[in-house]
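Okay, so here's the structure we're looking at.
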Amino acid sequence: MSDLVKQFGDMLRLKRKDAGYSQEGFAAYVGIERGNYGKMERGLVNIKLETLYKLANALNCEFEEIMPPRIKYKINLD
């Protein structure tokens with residue numbers, strides 16, 4: 001996967017740990033199979049927008065707290 005997806009996984013892992021959840025406990029709380037959740041944190045899967053909302057709500061955070069900075073991954077649209 002891309003560096004963007006990997007960095008998202010790293011940020012998600014840090015936020016989950018800061019919130020005091022184990023990986024298994026958080027995956028169960030959010031309703032995601034633990035193996036699939038682990039793949040998110042390792043940057044092996046690209047997630048759906050609905051999943052992003054679930055994660056942010058479960059962590060009681062804004063997207064910016066788990067999303068890599070937009071400017072770092074700016075895409076030229078020309």
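The side chain to side chain donor-acceptor pair (under 3.5 Å) test applied to R34 returns Q23, not counting sequence neighbours.
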- [ ] Check the pair I32 / L55 against side chain to side chain contact (heavy atoms under 4.5 Å, CB included), numbers first and verdict last.
- [x] CA-CA 10 Å; I32 298 172; L55 295 169; 4.2 Å; yes
Open item on the list: L12 vs L59, test: side chain to side chain contact (heavy atoms under 4.5 Å, CB included). Steps then yes/no.
Closed with: CA-CA 9 Å; L12 179 61; L59 291 167; 3.8 Å; yes
TODO: Just do the side chain to side chain contact (heavy atoms under 4.5 Å, CB included) check on F8 and D3 with the steps written out, would you?
DONE: CA-CA 8 Å; F8 168 76; D3 288 343; over 6 Å; no
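The closest donor-acceptor contact from the side chain of Q7 to the backbone of L4 lies at 3.5 Å or more, if one exists at all. Between the E62 side chain and the E64 main chain, no donor and acceptor come within less than 3.5 Å of each other.
Contact between V45 and V5 at its shortest, heavy atoms only, is O-CG1, 3.2 Å. For the pair M67 and L52, the tightest heavy-atom approach, listed with the atom from each and the gap, is SD-CD1, 3.9 Å. A pairwise comparison of heavy atoms in E41 and R13 identifies O-NH2, 2.8 Å as the closest pair. The heavy-atom pair separating V30 from A58 by the smallest distance is CG2-CB, 3.6 Å.
A perpendicular orientation is assigned to the rings of Y37 and F26, their planes being inclined by more than 60° (bins at 30° and 60°).
To the nearest 0.5 Å, atoms CZ (R16) and OG (S22) are separated by 7.0 Å. Atom NZ in K54 sits 10.5 Å away from atom CD1 in I47 (nearest 0.5 Å).
The hydrophobic clustering, which links ILVMFWY residues whose side-chain heavy atoms are closer than 4.5 Å, places M40 and L14 apart. Under a hydrophobic clustering in which Ile, Leu, Val, Met, Phe, Trp and Tyr are joined whenever their side-chain heavy atoms come within less than 4.5 Å, directly or via other members, Y21 and Y53 fall into the same cluster.
Within 6.0 Å of the CD atom in E50, the count of heavy atoms belonging to other residues, nucleotides or ligands does not exceed 12. Heavy-atom contacts from other residues, nucleotides or ligands closer than 6.0 Å to CG of N57 number more than 12. Within 6.0 Å of CD on E65 lie more than 12 heavy atoms contributed by other residues, nucleotides or ligands.
Between D18 and K15 there is no salt bridge, since none of the side-chain N atoms of the basic residue sits less than 4.0 Å from a carboxylate O of the acidic one.
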